[in-house]
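Input: a single structure, listed below in structure tokens.
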Amino acid sequence: MPELPEVETVRQTLLKLVKDEVITTVDVYWPKIIKKPDDVVIFQQLLTGQSIVDINRKGKFLIFELDDYSLVSHLRMEGKYGIYSSDTEKDKHTHVIFHFESGRSMHYHDVRKFGTMHLFNKGEAERSLPLAQIGTDPFEPEYLFEEIFPKIKKSSRAIKNILLDQTIIAGLGNIYVDETLFRAKIHPLRSGTSLTETEGQLILREAKDTLAEAVKQGGTTIRSYTNSLGEIGMFQQELFVYGQTGAPCKTCGSEIEKFKVSIVVPTFVQAVN
DNA sequence: CCGCCATCCTGTATGC
DNA sequence: TGCATACAGGATGGCG
């Protein structure tokens with residue numbers, strides 16, 4: 001559920017809280033979250049003594065830059081990081097705790113346990129899965145029409161599904177795809193092959209603009225999302241269609257209707273008029 | 001190569 | 001009230 005703007009908000013908030021912290025020990029309560037290395041004990045050993053130099057982001061992935069390693073973290077639907085004093089009890093849904101020399105600790109909390117962590121040697125993260133397959137993020141310089149539109153144009157899939165495909169554009173999920181297509185006035189079921197260059201340019205521009213506005217607002221709070229200070233985002237006030245089923249359209253006043261784009265990648269909502 | 005689908009999870013909502 | 005079922009959703013890997 002956290003998409004690019006929410007992950008970016010977490011990155012900025014968390015960096016201020018943990019920059020230069022030094023990891024002493026790591027507790028892992030749900031080992032399946034740790035995807036690499038295979039052995040969780042090795043994961044814990046490698047992290048010991050590492051300091052957090054920086055936090056980067058690619059699409060929806062957070063990348064903790066340590067002295068010798070990069071820790072790639074995906075929050076999936078409900079993953080959250082919070083900072084506490086080290087004597088704070090873990091709660092039911094805390095699955096990983098990073099203890100710091102300062103006496104504070106960073107808890108990874110994830111009700112659905114879908115989040116993932118991959119630890120790589122420095123420099124190897126970008127060319128390894130999962131990052132290796134991830135496409136351009138709209139805030140990277142490679143976010144160019146001539147790079148991306150050909151990939152859209154050759155796909156027979158619905159444009160909504162194409163925009164959700166992280167190998168083509170990184171960072172969009174259901175919320176921002178729905179908002180982008182509404183703003184671009186492109187129907188979500190239009191096939192990639194049917195889109196004109198003008199429409200493609202419009203979609204890519206609206207995607208970036210929508211994400212940029214959402215980052216400014218601190219993201220969108222739907223259900224449980226908050227940043228690492230427990231703060232909610234404000235972009236939900238700006239939503240035209242996502243979660244607006246039954247509400248009047250902000251541009252034409254007609255009722256927002258919901259329909260399913262596909263079983264795997266559900267729901268789009270839009271106004272009828 | 002391409003697209004579809006199951007899988008991983010559990011809290012919340014809905015149906016009977 | 002309680003139980004059963006549906007639903008939400010990102011990325012991966014397997015299949016046709």
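Below, chain A is the first sequence line, B the second, and so on; all start at residue 1.
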In a table with atom names and distances, give each donor-acceptor pair under 3.5 Å that connects a side chain of residues 114-123 of chain A to protein atoms at least two apart or in another chain.
| from | atom 1 | to | atom 2 | distance (Å) |
| --- | --- | --- | --- | --- |
| A:Lys122 | NZ | A:Glu65 | OE1 | 2.7 |
| A:Lys122 | NZ | A:Leu66 | O | 3.2 |

remark   = With sequence neighbours left out, the residues meeting side chain to side chain contact (heavy atoms under 4.5 Å, CB included) with A:Glu197 are A:Phe145, A:Phe149
ask   = Which of the following nucleotides, C:dA11, C:dG10, B:dT10, is nearest to the side chain of A:Phe61?
value = C:dA11
For A:Thr167, side chain to side chain contact (heavy atoms under 4.5 Å, CB included) partners two or more places apart = A:Gln133, A:Asp165
message = Quiz question: by atom type and distance under 3.5 Å, do the side chains of A:Glu6 and A:Tyr176 form a donor-acceptor pair?
response = yes
query = For the pair made of CD in A:Glu3 and P in C:dG10, what is the distance, rounded to whole Å?
reply = 6 Å
task = Rounded to the nearest angstrom, tell me the gap between atom CG in A:Asp165 and atom C1' in C:dT12.
result = 12 Å
request  = Starting at NE2 of A:His107, measure out to NZ of A:Lys80 and round the result to the nearest 0.5 Å.
outcome  = 14.5 Å
key: With sequence neighbours excluded, residues passing side chain to side chain contact (heavy atoms under 4.5 Å, CB included) with A:Ser156   = none
Protein-nucleotide distance (A:Met77, atom CE; B:dC9, atom P), rounded to Å = 11 Å
query = Separation of A:His74 atom NE2 from C:dA11 atom P, in whole Å?
reply = 3 Å
request  = Check if the side chain of A:Arg76 and the base of C:dA11 share a donor-acceptor pair of N or O atoms closer than 3.5 Å.
outcome  = no
A:Tyr29: partners by ring-ring contact (aromatic ring centres under 6.0 Å, His included), with sequence neighbours left out = none
N/O donor to acceptor pairs below 3.5 angstrom from side-chain atoms of residues 201-218 of chain A, sequence neighbours left out:
| from | atom 1 | to | atom 2 | distance (Å) |
| --- | --- | --- | --- | --- |
| A:Thr210 | OG1 | A:Glu206 | O | 2.6 |
| A:Glu213 | OE1 | A:Arg183 | NH2 | 3.3 |
| A:Glu213 | OE2 | A:Arg183 | NH1 | 3.2 |

Please set out all donor-acceptor pairs under 3.5 angstrom arising from side-chain atoms of residues 92-102 of chain A, sequence neighbours excluded.
| from | atom 1 | to | atom 2 | distance (Å) |
| --- | --- | --- | --- | --- |
| A:Thr94 | OG1 | A:Asp91 | OD1 | 3.4 |
| A:His95 | NE2 | A:His93 | O | 3.1 |
| A:His95 | NE2 | A:Asp110 | O | 2.7 |
| A:His99 | NE2 | A:Asp27 | OD2 | 2.6 |
| A:Ser102 | OG | A:Glu21 | OE1 | 2.8 |
| A:Ser102 | OG | A:Glu21 | OE2 | 3.2 |
| A:Ser102 | OG | A:Arg104 | N | 3.3 |

task = Side chain of A:His93 only, please: which of B:dC9, C:dA11, B:dG11 is the nearest?
result = B:dG11
message = Nearest whole Å is fine: how far is C:dG10 C1' from A:Lys80 NZ?
response = 15 Å
query = Under 4.0 Å between a side-chain N/O of A:Lys32 and OP1 or OP2 of B:dC8, yes or no?
reply = no
query = Please give, in whole Å, the distance from C:dG10 C1' to A:Lys60 NZ?
reply = 6 Å
note = Sorted by chain and number, sequence neighbours left out, side chain to side chain contact (heavy atoms under 4.5 Å, CB included) with A:Glu142 holds for A:Thr136, A:Glu140
note = Among the nucleotides C:dA11, B:dT10, B:dC8, whichever has the atom closest to the side chain of A:Arg112 is B:dT10
message = Counting only side-chain nitrogens and oxygens, does A:Lys113 get under 4.0 Å of the OP1 or OP2 atom of B:dT10?
response = yes
task = Check the distance between C:dC7's C1' and A:Glu78's CD and give it to me in whole angstrom.
result = 13 Å
note = Residue pairs meeting side chain to side chain donor-acceptor pair (under 3.5 Å), one or both in residues 36-47 of chain A, sequence neighbours left out, come to none
message = Measuring from atom CG of A:Asn56 to atom CG of A:Asp54, what distance do you get when rounded to the nearest 0.5 angstrom?
response = 5.0 Å
remark   = To the nearest 10 degrees, the angle between the two end axes of the helix from B:dC2-C:dG16 to B:dC16-C:dG2 (five pairs per end) comes to 60°
query = Given atom CG of A:Leu164 and atom C1' of C:dT12, what is their separation to the nearest angstrom?
reply = 16 Å
key: Near-strand residues of residues 116-136 of chain A, defined as heavy-atom separation under 4.0 angstrom from DNA chain B   = none
key: DNA chain B-proximal residues of residues 147-157 of chain A, any heavy atom under 4.0 Å   = A:Lys154, A:Ser155, A:Ser156, A:Arg157
message = Would you say A:Tyr242 places a side-chain N or O within less than 4.0 Å of OP1 or OP2 belonging to C:dG9?
response = yes
key: side-chain N/O A:Lys92 vs B:dT10 OP1/OP2, d < 4.0 Å   = no
